Each structure stands twice: as structure tokens, then as C-alpha cells.
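Each remark here refers to the structure printed beneath this line.
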Protein chains: 2
Amino acid sequence: MSRKPRIRSGGGATMHDVARAAGVSAITVSRALNQPQQVSPQLREKVMQAVDALAYVPSRSARTLASARSRTVLVLIPSLDNTVFLDTLAGIESVLDAAGYQMLIGNSHYSAEQELLLLRAYLQHQPDGVLLTGLTHAAPFEDILRRRALPAVYMMDLADDGRCCVGFSQEAAGAAITRHLLERGKRRIGFLGAQLDERVMKRLDGYRAALDAAGLRDAGLEWLDPSPSSMRMGADMLDAALAARPDCDALFCCNDDLAIGALARCQQLGIAVPQRLALAGFNDLQPSAWCTPALTTVATPRREIGSHAARQLLRMIDGDEPDALQTDLGFQLMLRRSS
Amino acid sequence: MSRKPRIRSGGGATMHDVARAAGVSAITVSRALNQPQQVSPQLREKVMQAVDALAYVPSRSARTLASARSRTVLVLIPSLDNTVFLDTLAGIESVLDAAGYQMLIGNSHYSAEQELLLLRAYLQHQPDGVLLTGLTHAAPFEDILRRRALPAVYMMDLADDGRCCVGFSQEAAGAAITRHLLERGKRRIGFLGAQLDERVMKRLDGYRAALDAAGLRDAGLEWLDPSPSSMRMGADMLDAALAARPDCDALFCCNDDLAIGALARCQQLGIAVPQRLALAGFNDLQPSAWCTPALTTVATPRREIGSHAARQLLRMIDGDEPDALQTDLGFQLMLRRSS
DNA sequence: TTGTAAGCGTTATCAA
DNA sequence: TTGATAACGCTTACAA
């Protein structure tokens with residue numbers, strides 16, 4: 001009948017230790033910490049003193065196990081190298097922090113497979129909800145969410161299929177910036193695309209739609225490369241584009257990295273921007289306002305997408321309906337000297 | 001005597017469910033998953049089938065509670081807006097992922113207080129170890145680590161006091177880039193500093209030491225501002241510096257953001273870089289190679305710092321000694337057209 | 001307002 | 001190689 005108490009890991013005090021020190025029961029400690037108004041001021045005071053004295057830190061795993069709520073949210077993003085997602089994370093963080101939730105960050109490296117693996121792995125933590133980037137995911141993904149009744153909010157884009165999304169229309173943004181180039185009098189407008197994720201392809205769709213509407217679409221003016229974008233790649237793609245189509249008079253680059261690289265290359269080659277070739281990017285990263293000439297681009301409400309998505313998710317976790325299934329946070333054309 | 005089984009949260013299968021389905025005991029399932037070699041191939045096979053059939057996902061909290069090991073590492077960084085720390089995170093992630101560890105990311109927003117709060121909050125997850133940025137932390141910080149016997153690795157800098165660090169000498173790097181400006185014939189070399197965190201101040205120390213050695217130090221050539229750095233701030237600081245000291249012939253900016261902003265401002269003002277004013281930055285971010293003129297800066301092994309620190313930490317968690325207490329991963333001067 | 005008892009899902013211990 | 005049992009630290013349900 002010999003009990004063999006195991007060795008505690010952290011060596012820290014447990015709730016029972018605190019209870020003993022305060023001369024109350026464990027459940028009173030629990031309540032003093034989590035629902036203070038349910039405990040009389042005197043006891044509460046005693047408990048808090050014992051907590052301080054013992055430097056008590058509650059165990060999240062025990063709490064999660066007992067309550068079946070982890071107060072944790074899983075955030076899946078395609079990359080940590082991209083300012084866009086970091087700004088989004090910052091927005092999410094601000095809201096979750098304030099609500100006492102913690103976030104688990106999963107980096108899918110732009111791979112739907114990886115993303116599925118991450119979901120499976122992080123499911124072990126029993127997150128209370130999930131924030132996702134984009135609308136397209138591996139086949140079993142949504143099944144898993146549904147089976148577990150896991151609230152999810154989709155960020156960055158819009159869908160009209162019952163999923164809760166916070167973002168803006170990538171396609172409309174792509175079309176808008178293309179129309180701007182048309183208005184500037186450009187007629188042979190090309191598209192430079194890298195990474196080729198879902199959002200880039202929608203910007204491409206928007207670009208095509210705008211040119212179709214103007215009767216100026218030319219498939220020979222599209223350059224697409226699935227490898228990750230970078231400034232170097234922008235420079236290389238500019239070379240390739242001008243070599244293939246010297247008549248091209250404007251380029252919509254799928255993001256600012258590409259555009260800045262292309263712009264720098266134009267400077268080196270002495271190509272007049274925007275007279276000979278207009279350039280536009282996407283996202284309005286910090287350097288875009290500072291390069292020469294300053295880059296025309298599309299500002300996207302990344303931080304707001306993150307914070308709003310987090311708020312919606314918390315509402316769903318609490319069993320309430322989200323404010324609206326779709327939240328369109330819009331975008332803004334930043335018209336500068338490069339166009 | 002009525003048992004009242006609670007409602008499960010996720011509705012997912014438990015290890016007991018798997019055990020029942022496979023016709024074995026729960027502990028056998030546990031072993032089949034965690035120490036497969038201890039279970040006969042037949043049973044292992046049966047268990048794996050049941051796992052698949054039930055889409056079983058182990059509960060991390062139960063595991064942590066029972067085993068007192070969370071297989072989780074806490075990473076504390078000062079900012080998510082700074083590429084430097086993201087690259088570091090990427091390095092950490094690659095190592096931890098491969099080892100089956102997950103990371104909890106805490107963003108201290110450059111505040112020691114916040115950092116302490118984060119440590120306290122994340123301690124609830126019983127992390128097996130901690131990765132820290134910089135050497136200076138709030139007073140109770142190291143006490144807490146010691147009391148809990150939590151392995152910790154300090155990233156980005158070097159210390160000779162028994163703590164395990166992975167980084168490079170910020171001071172040596174600051175001195176090296178300053179000496180380079182001296183070698184270029186510059187004599188009134190200024191310093192532009194923002195954020196003023198620990199690392200910036202050490203770069204400043206290096207700058208001062210180099211100028212002292214040359215007998216050219218001039219306190220009137222230092223401009224320091226504690227607010228977060230940005231390109232706009234670099235531009236503004238350049239204006240202020242030249243207004244105060246038109247004789248200044250070179251500027252060492254504490255990071256590339258500042259330097260790129262200053263460079264852009266020089267372009268606007270028609271100041272010849274590097275003839276009239278040489279510029280140098282720090283970190284070698286992507287745009288630095290692409291601005292005009294390309295920016296002289298210091299390349300730092302951020303990703304390697306992250307991955308090496310993570311490896312050291314895993315070793316300590318396993319009870320082994322780290323390879324070396326101090327790992328100097330060095331830095332590299334990137335001499336470009338701006339100097 | 002406070003306490004008791006049981007249970008959350010897993011692993012450590014010991015026995016077979 | 002496999003299993004029974006207790007234990008991890010906390011919270012829910014119910015009782016006082």
C-alpha cells in the first residue's frame with residue numbers, strides 16, 4: 001500500500017501547497033484565482049499572500065486537462081519571412097494577449113501538406129480555435145476542424161461559403177492597380193509573379209480581368225515563377241521580361257519585394273521609371289515609400305485583419321456568432337512616382 | 001455512487017478508446033507510440049490501425065502532466081517587426097521541429113518588464129527550456145530560471161559569466177565598421193542610434209572605442225533616440241544631424257532601417273554618398289543590397305544563432321553539457337558603394 | 001461562501 | 001513484452 005510520490009518537475013508549489021499555506025481548500029485557491037468575486041475578501045487576501053510567498057505558478061496542462069479549455073489559439077501562417085504575416089501576427093497578438101489567450105504559431109512554409117501536419121501536431125494542445133491564412137487548404141483540413149467543432153477564421157481573403165473570413169478581395173485589388181496603370185496611358189502591361197500562392201493567383205486574375213475589360217490582355221506579358229519572391233528575383237525577372245518583350249511599358253509585380261528588385265535593376269540599366277516603364281507592387285512595405293522613385297503599390301490592412309480575425313474567433317469560442325461572416329477590410333492604392 | 005462522466009471537449013478519441021479498439025491496454029498504446037521498439041510488431045500494427053481508424057490525437061496536457069516534460073521551448077524576443085528576430089526564429093524552428101519540440105513565442109516589445117511578465121505567464125506551460133535575446137533582463141528573471149532549474153541560452157551577444165550564449169560581439173562589430181569608415185579617410189564620423197536597446201548601446205561602445213583609438217571621438221556627433229527605428233526616422237535623424245553638424249563626413253547607423261532612410265534622404269537632397277557623406281548600417285537586410293548606392297553594412301549570422309542556440313538548449317534539456325558556454329558566430333563587413 | 005469527491009488523459013512504477 | 005494501478009495538478013458537480 002506504499003504510495004510513491006513522483007518527483008515534481010519544476011519543483012514549484014502546487015495549488016494544494018498554496019491551500020495548505022493559506023489554511024483553505026484547494027478549490028478555494030482555484031476560485032480565488034479564477035473567479036475572485038466568489039471568494040470572501042479575507043480568504044482571497046490570505047490566498048494571494050500564500051501565492052506570492054510560494055511563488056506559485058498554476059499548471060496550464062492540469063488546467064487544460066481538467067477544464068477542457070486550453071485558452072490557446074492556433075495561428076497558421078505561410079511564412080515567417082514575410083512582413084505581411086508578421087504584421088498580421090502583431091494584430092492577433094494584441095487582441096489575444098488582452099483576452100488572456102496565448103497563441104501557438106505554425107509556419108506552413110507555403111505548403112498545404114505541411115499545414116495539415118502542423119494542424120495535426122498542434123491539435124495535441126487542444127487549441128480553442130484556429131486562425132488560418134487563405135481559403136484553400138488540404139482536403140482533410142476542414143473535416144478535422146468540423147469533427148472537432150473547432151472555430152476557425154480565415155484571414156486575408158473573402159469567401160461567400162459560410163466560412164468566417166476577414167480580409168479583402170485580392171482580385172479586386174489586382175484589378176484596381178492594373179486599371180490605374182491603364183489610366184496612366186500604359187498599354188502593354190505585364191505581370192511579374194513569384195511564389196504563386198493562392199493570393200498571388202487571385203491578383204493575377206484581377207489583372208487579367210482589368211486588361212480583358214480594356215481589350216488589352218496579352219498572355220505573352222505574364223511571367224510566373226513558383227519560387228519564393230525576393231528582390232534579386234525581381235531584378236532577374238525584369239531582365240527576362242524586357243528581353244522577351246521590349247515593348248512592355250508597365251509591370252504589376254505581385255509584391256513589393258519583386259517590385260523593388262525590378263526598380264533597382266531599372267536604375268542600374270538606366271531605364272526611365274515611369275516614362276519608359278511604369279512599376280507597381282503590392283503590400284506597401286516600408287522600403288516602398290523610400291526607394292527612388294517611390295513605389296506605387298497597394299496598401300493592405302494586415303494588422304487590422306489580424307486583430308479583427310482574433311476578435312471574431314474569440315466570439316466564436318465563447319459560443320457567440322461572429323459579427324459578420326465576411327469582413328471586407330478593403331485596400332488602398334498608394335500612387336507614387338513609379339507609375 | 002453514480003459516476004458522472006464529463007463531456008469531453010474535442011470529442012476526440014482517447015488512448016483508452018484506442019486501447020479498447022486494438023484489444024490491448026492503454027499503456028501498450030502509449031508505448032507503441034512513444035517507444036515502438038518495446039512493443040511487439042503485431043501489437044504495434046494493431047495499435048497503429050486503431051489510431052488511424054479513430055483519428056486519435058494524443059493530449060499534450062495529459063502527457064505533460066503525467067511526464068513532467070512539456071517538449072516545449074519558450075522563445076523570448078524583443079520584437080516581431082524586426083527581420084533580425086524573425087530570421088533567428090526561423091533558425092530555432094528548424095532545429096526544434098526536427099526534434100519534436102514546439103516553441104512558444106513571447107514578444108517583449110523591447111521591455112524588460114514585459115519580458116518578465118511573459119516568462120511568468122508562459123511558465124504555466126512548464127517549458128523545458130528558454131531561449132532569450134540579449135544578456136540584460138529584469139532582476140527576478142534569472143532567479144526564476146535558477147529556482148526552476150530551467151536551462152536557458154542567451155542569443156545575440158556574448159558573456160563570460162557562466163551563462164550559455166550564442167552570438168557575436170556587438171561591440172567588436174561596431175568598432176570594425178567604424179574602423180572601415182576611418183580607413184576610407186573619413187574623420188568626422190557620426191553615430192545614429194534608435195531604440196537604444198542593449199545591442200545598440202554596445203555598437204555605440206564599439207564606435208566610441210574605435211574613434212578613441214584614432215583620437216577622433218567627438219561627443220557632438222552622436223544622435224540617440226529611444227523610439228523604435230524606422231526608415232522615416234533615419235531620414236529625420238539625417239536632417240537633424242546635418243543641421244547640427246554640417247561638417248560630419250560619415251554616419252554609422254545602428255541598423256539598416258535607419259541607414260536606408262538616411263540614404264534616401266541624401267538622394268532627395270542631392271548629397272553625394274559616399275563622397276560628401278559616407279553611410280553604413282547594421283544587419284544586412286535584403287533591401288540594403290538593392291538601394292542606390294548599395295549600403296555598406298554588417299552581416300550578422302542571425303539564422304545560425306537561432307539554430308545553434310536551439311541545439312545547445314536541447315543538449316542542456318537532455319542533461320548534457322553544451323558544447324561550449326560561449327559560441328562566437330562572428331559577423332562580416334559588407335563593403336558596398338555607400339562608403 | 002466554502003468544501004468534498006471524482007474525474008480529465010496520460011505516464012511512472014512495479015509486478016507478472 | 002505486457003498490464004494493473006496510482007499519480008500528475010487542476011476543475012466540475014454536487015453538497016453543506
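Source: prediction; values computed, not measured. Sequence lines set the chain letters: A, B, ... in the order given, protein chains first and strands last, and positions in each chain run from 1.
- Look at CD on A/Q124: it is 10 Å from P on C/dT10, rounded to the nearest Å.
- For A/D128, the side chain to side chain contact (heavy atoms under 4.5 Å, CB included) partners two or more places apart in sequence, or in a different chain, are A/R69, A/S70, A/R71, A/Y101, A/I317.
- B/L118 pairs by the side chain to side chain contact (heavy atoms under 4.5 Å, CB included) definition with B/L76, B/S108, B/Y122, not counting sequence neighbours.
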Please list, one pair per line, the donor and acceptor atoms closer than 3.5 Å that link side chains of residues 21-30 of chain A to other protein atoms, with sequence neighbours excluded.
from, atom 1, to, atom 2, distance (Å)
A/S25, OG, A/T28, OG1, 3.3

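- Below 30°, between 30° and 60°, or above 60°: for A/Y154 and A/H137 the angle between ring planes is between 30° and 60°, a tilted geometry.
- C/dT10 atom C1' lies 15 Å from atom CZ of B/R69, rounded to whole Å.
- Contacts of B/R315 classified as salt bridge (charged side-chain N to carboxylate O under 4.0 Å, His left out), with partners at least two apart in sequence or in another chain: B/D323.
- Look at B/T28 and you'll find a side-chain N or O under 4.0 angstrom from OP1 or OP2 of D/dG3.
- Rounded to an integer number of Å, the gap from A/M15 CE to C/dG7 P is 20 Å.
- Of the residues in residues 30-47 of chain B, those placing a heavy atom less than 4.0 Å from an atom of DNA chain C are B/S30, B/N34, in numerical order.
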Using the side chain to side chain contact (heavy atoms under 4.5 Å, CB included) rule, take B/V84 and B/M156 through it: C-alpha gap first, then chi angles, then the decisive distance, then the call.
-> CA-CA 10 Å; B/V84 170; B/M156 294 302 172; 4.1 Å; yes
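- Using five terminal pairs a side, the axes of the helix from C/dT1-D/dA16 to C/dA16-D/dT1 at its two ends make an angle of 30°, given in steps of 10 degrees.
- When all heavy atoms are compared, the tightest approach of B/R199 to B/G134 is NH1-CA, 3.6 Å.
- For B/S25, whose side chain is taken as the heavy atoms from C-beta onward, the closest listed nucleotide among C/dT10, C/dC8, D/dG3 is D/dG3.
- Counting to the nearest Å, the P atom of D/dA6 and the CG atom of B/L65 are 17 Å from each other.
- Looking at the side chain of B/R63, the nearest of the listed nucleotides C/dT11, C/dG9, D/dG3 is C/dT11.
- The B/S59 side chain lies nearest to C/dT10 when the options are C/dA12, D/dG9, C/dT10.
- No hydrogens or angles considered: a donor-acceptor pair under 3.5 Å links the side chains of B/S61 and A/Q126.
- A/H16 places its NE2 atom 11 Å from the C1' atom of C/dT4, with the value rounded to the nearest Å.
- The nucleotide whose nearest atom lies closest to any side-chain atom of A/I27 is, among D/dT12, C/dT10, D/dG9, D/dT12.
- Across every non-hydrogen atom of B/Q312 and B/T327, the tightest pair is NE2-OG1, 3.6 Å.
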